[in-house]
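Sequence lines set the chain letters: A, B, ... in the order given, protein chains first and strands last, and positions in each chain run from 1. Computed over heavy atoms, backbone and side chain alike; hydrogens, waters and symmetry mates excluded. Remember, it's a predicted structure, so these values are computed and weren't measured experimentally.
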Amino acid sequence: MTKVSAEPRRRGHPESNRRVRVRFAPSPTGWLHVGNARTALFNWLYVRHTDGDFILRIEDTDQKRLVPGALGDIKSGLRWLGLGWDEGPDAGGDYGPYAQSERLGIYQEHIEKLLDSGYAYKCYCSSERLERVRQEKQARGESPGYDRQCRNLSAEERAAFEAEGITPVFRLKMPLEGQISFEDVIRGEISFDFDDLEDIVLLKSDGYPTYHFANVVDDHLMEISHIMRGDEWISSVPPHLVMYEAFGWKPPIFAHLPMILDPSGEGKLSKRKGSGQMTEIREFRTAGYLPEALFNFFARLGWAYSGDQDVFSREQAIERFDITDVRPSPSAFAYDKLNWMNGVYIRDLPADVLAGHLTAFLRDKGFDVDPDFTRRVVPLIQQRIQTLGEAIDWIDFFFADEVQPDPAELPGKKMDETQTAEALAAAYDVLAELEPFEQDAINSALRAKAEDLGLKAGQFFQPIRIAVTGKRVAPPLFGTLELVGKETVLERLEAAQKLLLQTTMLEQEE
RNA sequence: GUCCCCAUCGUCUAGCCAGGUCUAGGACAUCACCCUUUCAAGGUGAAGACACGGGUUCGAAUCCCGUUGGGGGCACCA
């Protein structure tokens, strides 16, 4: 055998007469990450487009790296994004079990087949020897793989190792020469020389399979038709194909998705110290991003719905998605654009729906909010926030017992402390009279007063805003005053006047 | 080191596979102006890219080769 290859297909036209069955196969060794979520999304989109089956398979064959809670995080992250699965944990299905740790017997059975047919062999090398070989080969400029020391052991030699009590690993016997190539739906033909490839481990000494082995066996047994995964897996396709060949199985169609880069466009997206970059789905969730915005944003990473439409619905994406339209080049994670997009989704939300989200979000953050308050505050901030989390900065003064305006900021344009204090006193008088205390009435009363005082609207309103909210930037004034309430507004106006008076007195003493 | 993958505005991308309609389109971000009680939102406009070098061709962002740059793999991890 010198040439093995997946059935050649034209780029752009994956053909298969099989039912589309696609899997997302995370390893529960960490929280759901944006890269994995995007992979899951593309798989999901393709399945929904083709009306196939979406399978969630848990690749928990590395006992050492299992993280408690990771599986739960992955499942809830997928559900939050709206990426439900048809088969897998909690969903069942006819091809289970769906966790690889529960399929050990299956792998055992299949390794025996490879052993019998001569495609696998037992290796007794210690990890120390393996490490030494690696370094020696690398020093010689060779590719640093296993040197196949145990590939042709005699029965006697094997017996001797067994007698020593060494538990072997099982390795794949790769062809020693020739080429192997396969067709990647996104990239076209990719080929490797067997010269550069090594005899990978299939079954570890603890009895668990490696990713490579479990992946091939399960994909076949679960009748997976298309494999869509990150492009870091490209180089492991050759041994996989050798296994398909060894078993006499038909390989699935491959599509290797481009990876996601750091926002600078250089380097892998990672949580570098101090970068503050969010990389886990749960972080986006707690920061107040909407799942539909994240869905939309991820869908655009490597795929374009169209040349001039950035925002599109889930249904539109499903309708138009095709793996062949995925670009092979990696894309940077543009946080700026995500923020903008999340803002678009927030603005598009019916006010009462946003209010509902916000109430839940704020309570989750420990705010004791009344749904009625949220309903009334939403019109003031809806077009000002890009995430739910930003709402807090816009409305925290509503919850404060008192605010602390900076006396230096209080005066309006071209006004001194005294004038400002007088203006605030005038505002106090007007508002104290006002009944009902409602925004339209506040608006006209205050505007009339500004005219009386010979002040421009901005000059008059800014001190009031700062006095009541403690901020130079706050939601629109009149609605804010109404919602803060007459009593509190008057208290804060009075406090600000006192503050100004104190400041002027201090200045005179100096 | 070695193998593999990738290459259009700062970023996401359209165009590329089926070369001419591309003086390369859209979006985010940036800047200016308009609107305006602050901030937003909205509107208008500006600036901004085919990595480089060779081919092929009447014609190349589009096809081929090379260079450079970037990324990934090279574990008894996935």
Side-chain angles (χ1 to χ4, degrees), chain A residues 10-13 25-27 29 59-62 64-65 123 125 127 130-131 134 137-146 167-171 184 187-188 190-193 195-198 200-206 208 210-212 214-215 230-238 256 258-259 261 263-268 297 300-311 324 327-341 343 347 381-386 394 412 443 446-447 450 456-462 464-466 469 471-478:
Chain A
R10 247 197 110 28
R11 175 144 82 116
H13 298 91
S27 173
T29 52
E59 311 230 324
D60 55 353
T61 55
D62 185 347
K64 297 181 211 91
R65 291 170 63 227
C123 169
C125 293
S127 46
L130 260 21
E131 181 57 28
R134 246 195 301 280
K137 291 185 76 176
Q138 192 145 20
R140 269 181 275 134
E142 295 171 29
S143 103
Y146 176 56
T167 313
V169 301
F170 292 73
R171 287 184 183 270
D184 182 282
R187 288 151 218 275
I190 299 176
S191 48
F192 294 82
D193 287 335
D195 251 3
D196 303 314
L197 272 17
E198 65 171 319
I200 57 163
V201 171
L202 266 20
L203 203 68
K204 301 180 268 186
S205 55
D206 64 2
Y208 281 74
T210 58
Y211 165 82
H212 301 103
N215 171 70
D231 69 9
E232 69 268 26
W233 294 108
I234 290 179
S235 52
S236 60
V237 174
H256 289 92
M259 62 180 312
L261 268 25
S264 64
E266 295 162 20
K268 198 176 181 178
F297 180 74
R300 287 192 48 77
L301 253 29
W303 177 67
Y305 175 81
S306 75
D308 56 12
Q309 190 181 343
D310 288 306
V311 180
T324 58
R327 306 269 61 128
S329 51
S331 28
F333 194 103
Y335 288 90
D336 278 350
K337 191 149 187 172
L338 200 217
N339 288 338
W340 163 78
M341 189 171 277
R347 272 174 255 130
I381 62 171
Q382 183 159 17
Q383 62 183 196
R384 277 163 253 267
I385 57 174
Q386 291 192 313
W394 284 97
N443 185 349
L446 251 22
R447 278 186 198 281
K456 287 193 170 159
Q459 284 181 301
F460 189 38
F461 297 162
Q462 188 64 358
I464 300 174
R465 167 176 295 112
I466 295 176
T469 67
K471 297 166 188 272
R472 326 165 52 105
V473 175
L477 188 59
F478 313 116

Visitor: Has the side chain of A:Glu59 got a donor or acceptor atom that lies under 3.5 Å from a matching backbone atom of A:Tyr211?
Guide: no

Visitor: From B:C77, B:A75, B:U11, pick the nucleotide closest to the side chain of A:Thr210?
Guide: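 The answer is B:C77, which lies nearest to the side chain.
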
Visitor: How would you label the contact of A:Ser127 with the nucleic acid (heavy atoms, under 4.0 Å): base, sugar-phosphate, or nothing?
Guide: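 Answer is nothing: A:Ser127 stays at 4.0 Å or more from every strand.
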
Visitor: Does A:Lys137 place a side-chain N or O at less than 4.0 Å from the phosphate oxygens OP1/OP2 of B:C74?
Guide: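 Answer no for this pair, as no side-chain N or O of A:Lys137 is under 4.0 Å from OP1 or OP2.
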
Visitor: Quick one: look up who B:A7 pairs with, Watson-Crick or G-U, both distances under 3.5 Å, and put none if it's unpaired.
Guide: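 For B:A7, the partner nucleotide comes out as B:U68, under the 3.5 Å rule.
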
Visitor: Kindly compute the distance separating CZ (A:Arg327) from CG (A:Leu301), expressed to the nearest 0.5 Å.
Guide: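 It comes to 14.5 Å.
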
Visitor: What is the distance from CE of A:Met341 to P of B:A41, rounded to the nearest Å?
Guide: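 So the two atoms are 15 Å apart, to the nearest Å.
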
Visitor: Can you name the residues that form a salt bridge (Lys or Arg N to Asp or Glu O under 4.0 Å) with A:Glu198, not counting sequence neighbours?
Guide: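 Salt bridge (Lys or Arg N to Asp or Glu O under 4.0 Å) list for A:Glu198, sorted by chain: empty.
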
Visitor: Specify the residue among A:Phe333 and A:Glu59 whose closest nucleotide of RNA chain B lies further upstream toward the 5′ end.
Guide: A:Phe333

Visitor: More than 12 heavy atoms of other residues, nucleotides or ligands under 6.0 Å from CZ of A:Arg472: is that the case?
Guide: no

Visitor: Could you work out the separation of B:A32 and B:C12 based on their P atoms and round it to a whole Å?
Guide: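 About 26 Å, rounded to a whole number of Å.
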
Visitor: Write down the partner of B:A24 under the Watson-Crick or G-U wobble criteria, each distance required to be under 3.5 Å.
Guide: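 B:A24 is unpaired by these criteria.
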
Visitor: Which one, B:U11, B:G15, B:C76, comes nearest to the side chain of A:Arg327?
Guide: B:G15

Visitor: Is the shortest side-chain heavy-atom distance between A:Phe478 and A:Arg447 below 4.5 Å?
Guide: yes

Visitor: Please check: side-chain N/O of A:Asp231 versus main-chain N/O of A:His256, any donor-acceptor pairing under 3.5 Å?
Guide: no

Visitor: Look at all strands and tell whether A:Ser236 reaches a base, only sugar-phosphate, or nothing, counting heavy atoms closer than 4.0 Å.
Guide: nothing

Visitor: Distance check needed: B:G71 C1' versus A:Trp233 CH2, whole Å only.
Guide: 17 Å

Visitor: Would you classify A:Met259 as touching base, sugar-phosphate or nothing, given that sugar-phosphate means primed atoms plus P, OP1 and OP2, and contacts are heavy atoms under 4.0 Å?
Guide: sugar-phosphate

Visitor: Is A:Arg300 close enough and on-axis enough to A:Tyr305, meaning under 6.0 Å and within 45°, for cation-pi?
Guide: no

Visitor: Is the closest side-chain heavy-atom distance between A:Arg171 and A:Tyr146 below 4.5 Å?
Guide: yes

Visitor: For a ring pair (Phe, Tyr, Trp, His ring centres under 6.0 Å) check, start with the C-alpha distance between A:Phe297 and A:Tyr335, then their side-chain angles and the critical distance, and finish with the verdict.
Guide: CA-CA 10 Å; A:Phe297 180 74; A:Tyr335 288 90; 8.0 Å; no

Visitor: Keeping the roles fixed (side chain from A:Asp193, backbone from A:Asp195), state whether a donor-acceptor pair exists under 3.5 Å.
Guide: no

Visitor: Please state the P separation for the pair B:G55 and B:G71 - nearest whole angstrom.
Guide: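 Approximately 31 Å lies between the P atom of B:G55 and that of B:G71.
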
Visitor: Tell me the partner of B:U57, counting only Watson-Crick (N1-N3 plus N6-O4 or O6-N4) or G-U wobble (N1-O2 and O6-N3) with both under 3.5 Å; none if nothing fits.
Guide: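 Per the H-bond distance test, none.
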
Visitor: Out of B:C76, B:C12, B:A78, which nucleotide sits closest to the side chain of A:Val201?
Guide: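 Ranking B:C76, B:C12, B:A78 by closest atom to the A:Val201 side chain puts B:C76 first.
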
Visitor: Scan nucleotides 3-9 of chain B against the protein and return all N/O pairs shorter than 3.5 Å with their distances rounded to 0.1 Å.
Guide:
residue : atom : partner  : partner atom : Å
B:C5    : O2'  : A:Arg187 : NH1          : 2.6

Visitor: So what does A:Leu301 touch, heavy atoms closer than 4.0 Å: a base, only the sugar-phosphate, or nothing?
Guide: sugar-phosphate

Visitor: When you compare B:G15 with B:U8, how far apart are their C1' atoms, in angstrom units rounded to a whole number?
Guide: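 Result for the C1' pair: 9 Å, nearest Å.
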
Visitor: If the P atom of B:C52 is compared with that of B:C39, how far apart are they to the nearest Å?
Guide: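 Taking atom P in both B:C52 and B:C39, they lie 42 Å apart.
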
Visitor: Checking contacts here: which listed nucleotide (B:C74, B:C76, B:A78) is nearest the side-chain heavy atoms of A:Lys64?
Guide: B:C76

Visitor: At under 4.0 Å between heavy atoms, which parts of nucleotides 34-40 of chain B does protein reach? Answer with one letter per nucleotide, 5' to 3': B base, S sugar-phosphate only, - none.
Guide: ---BBBB

Visitor: Out of curiosity, A:Ser127 OG to A:Arg134 CZ, how far, rounded to the nearest 0.5 Å?
Guide: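 If I round to the nearest 0.5 Å, the distance is 9.0 Å.
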
Visitor: For nucleotides B:A75 and B:C3, find the distance between their P atoms and express it as a whole number of Å.
Guide: 16 Å

Visitor: Are side-chain heavy atoms of A:Arg347 and A:Ile385 found at a separation under 4.5 Å?
Guide: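 Not in contact.
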
Visitor: In whole Å, measure the gap between the C1' atoms of B:U2 and B:U11 for me.
Guide: 32 Å

Visitor: For atom P, what is the distance between B:U62 and B:A14, given to the nearest Å?
Guide: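 Per the computed distance, 16 Å lies between those P atoms.
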
Visitor: How many angstroms lie between OG1 in A:Thr469 and CH2 in A:Trp394, if you round to the nearest 0.5 Å?
Guide: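 CH2 of A:Trp394 is found 10.0 Å from OG1 of A:Thr469.
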
Visitor: Nearest whole angstrom, please: distance from the P of B:C28 to the CZ of A:Phe297.
Guide: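 In whole Å, B:C28 P lies 13 Å from A:Phe297 CZ.
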
Visitor: Both distances below 3.5 Å, Watson-Crick or wobble geometry, any strand: find the nucleotide opposite B:A18.
Guide: none

Visitor: Of all residues at least two apart in sequence or in a different chain, which pass the salt bridge (Lys or Arg N to Asp or Glu O under 4.0 Å) check with A:Asp60?
Guide: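 Expected list: none.
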
Visitor: Scan nucleotides 49-52 of chain B against the protein and return all N/O pairs shorter than 3.5 Å with their distances rounded to 0.1 Å.
Guide:
none

Visitor: What are the atom names and distances for every N/O pair under 3.5 Å that joins the protein to nucleotides 21-26 of chain B?
Guide:
residue : atom : partner  : partner atom : Å
B:G25   : N2   : A:Gly307 : O            : 2.7

Visitor: Between the side chain of A:Lys204 and the main-chain N/O of A:Thr61, is any donor-acceptor distance below 3.5 Å?
Guide: yes

Visitor: Could you let me know what B:A32 is paired to, Watson-Crick or G-U wobble, both distances under 3.5 Å, or none if it's on its own?
Guide: B:U44

Visitor: Ignoring hydrogens and geometry, is there a side-chain-to-backbone donor-acceptor pair from A:Gln462 to A:Gln459 under 3.5 Å?
Guide: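 Not confirmed, A:Gln462 side chain does not pair with A:Gln459 backbone.
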
Visitor: Counting only side-chain heavy atoms from C-beta out, which of B:U13, B:U11, B:A75 sits nearest to A:Glu198?
Guide: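 The nucleotide sitting nearest to the side chain is B:A75.
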
Visitor: For the P atoms, the ones on B:C4 and on B:U67, what distance do you get once it is rounded to whole angstrom?
Guide: 13 Å

